[in-house]
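Take this structure, written in structure tokens, and hold onto it; I'll ask about it next.
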Amino acid sequence: MAARLHLHLRRCPRLRGFASSSRPLLATHPRALPLPRMGSVSSVTTTPPAEDEDFATAADLQFDPPLTVVKYPDPILRARNKRINTFDDGLRRLADEMFDVMYKTDGIGLSAPQVGVNVQLMVFNPAGVKGEGEEIVLVNPVVYKLSKRLLVFEEGCLSFPGIYANVVRPDNVKIDAQDVTGAKIKVKLSGLSARVFQHEFDHLLGILFFDRMSVDVLESVREGLKDLENKYVESTGLVSPESIENYKGRKDLISFSR
Ligand SMILES: CSCC[C@H](NC=O)C(=O)N[C@@H](C)C(=O)N[C@@H](CO)C(=O)O
Ligand SMILES: [Fe+2]
């Protein structure tokens, strides 16, 4: 029997405008704007994972602390992330190390591919401060419902330092997942927790936040993306695996804003 978690952000001192409340709070955040009209998405059920899917091996789960954040356009961010079926001390240590690097880099969420480990694991704490708020670890998450109500919010991503831009996403979300011990859980998220979850969930699918930006918003971050591509080329000596100049958009995605 899956345990049920209902999480609403109650405290977020570093994000201006959040006060104690039991209501979903993203709409009150200075970087959040409700959309004038409802979007067309009422509910989305993701395809359940195939029965014969291969799980992450010990080698896939290997990591060397201290972890560092993988930056765009590293292809690690677009690679497939394997589901996890080994729930041991190593997995717990990986989650702990991810929280450490998340707090050190002023993050509020982090996915395993962002630290070079291509598996279905995310951590988040919308308070963004160790010892405050609530630390959530989700393994093998599957979204089974997204709200009709959409919000636009100015997001940043640790893999895109210095780039912030508006992204439209559903206001709340229902998830099946496992915790770090492998126990099955059902989670209902709203407000900033739902926003961070969806951002990290996209990472687990190889989707990056600019894939969900409207054409106009994408234009506003184009130069920043080019700078990151140039830095990647300079630091690795490799050709950039993707280029915003040749970007045609992700037609395979449900876009909430276009
Ligand atoms: C709003 S979802 C952002 C999640 C993201 N996680 C991984 O990339 C993240 O933590 N981004 C940070 C840049 C971020 O949002 N930091 C907070 C707190 O400093 C901010 O308001 O910038
Ligand atoms: Fe991100």
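When a ligand or atom number is given, it counts from 1 through the structure's own listing order. Position 1 is the first residue of the sequence; numbering continues from there.
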Separation between CG (L158) and OG (S111), nearest 0.5 Å, reads 9.0 Å
The atoms of ligand 1 lying under 4.0 Å from a heavy atom of Y164, numbered in the order shown, are 13 (C), 20 (C), 22 (O)
By ring-ring contact (aromatic ring centres under 6.0 Å, His included), F197 pairs with (sequence neighbours left out) F201
* To do: Please assess K231 against E234 for the test salt bridge (charged side-chain N to carboxylate O under 4.0 Å, His left out), listing each intermediate value before the final yes or no.
  => CA-CA 5 Å; K231 276 188 194 143; E234 277 162 30; over 6 Å; no
Is it true that E200 lies under 4.0 Å from ligand 1, counting heavy atoms only?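 Judged by the 4.0 Å heavy-atom criterion, E200 does count as contacting ligand 1.
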Q: May I ask you to decide whether D202 forms a salt bridge with R169, counting only side-chain N to carboxylate O separations under 4.0 Å?
A: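 Salt bridge flag = yes for R169 with D202.
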| request: Look at E223 together with K226 and state whether they make a salt bridge at an N to O cut-off of under 4.0 Å. | output: yes
Per-atom filter on ligand 1: closer than 4.0 angstrom to a heavy atom of R195 are 1 (C)
Compute the minimum heavy-atom distance from M102 to ligand 1 and say whether it is under 4.0 Å.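 It does not; every heavy atom stays at 4.0 Å or beyond.
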Residue pairs meeting salt bridge (charged side-chain N to carboxylate O under 4.0 Å, His left out), one or both in residues 60-75, sequence neighbours left out, come to D60-K82
Taking only non-hydrogen atoms of F153 and a 4.0 Å limit, the atoms of ligand 1 in range are 1 (C)
* Asked: Are any of the side-chain heavy atoms of F87 and R92 separated by less than 4.5 Å?
  ->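 F87 vs R92: side chains apart.
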Less than 3.5 Å between some nitrogen or oxygen of L158 and one of ligand 1, yes or no?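 Right, the criterion is met.
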Would a line drawn from the ring center of Y232 to the ring center of Y72 be shorter than 6.0 Å?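 Not under 6.0 Å, so no.
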**Asked** Is any side-chain heavy atom of R80 closer than 4.5 Å to a side-chain heavy atom of N118?
**Response**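 No - every pair of side-chain heavy atoms lies 4.5 Å or more apart.
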Residue set satisfying ring-ring contact (aromatic ring centres under 6.0 Å, His included) with F209, at least two apart, ordered chain then number -> F160, H199
Can you tell me if G128 contacts ligand 1 (heavy atom of the residue under 4.0 Å from the ligand)?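 No; G128 lies far enough from ligand 1 that no heavy-atom distance drops under 4.0 Å.
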- Message: Can you name the atoms of ligand 1, numbered from 1 with element, that are less than 4.0 Å from a heavy atom of D106?
- Response: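 Those qualifying, in numeric order: 12 (C), 14 (C), 16 (N), 17 (C), 18 (C), 19 (O).
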Quiz item: Is S159 in polar range of ligand 1, meaning some N or O pair under 3.5 Å apart?
Solution: no
Quiz item: So what's near the Fe ion (ligand 2), protein N, O or S atoms under 2.8 Å?
Solution: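 Result, waters dropped: C157 SG, H199 NE2, H203 NE2.
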- L110-ligand 1 polar pair, N/O distance under 3.5 Å: no
For G107, the ligand 1 atoms with a heavy-atom partner under 4.0 Å come out as 10 (O)
| message | Strictly below 4.0 Å, N to O, side chains only: are K145 and D176 in salt-bridge contact? | response |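 Salt bridge: no.
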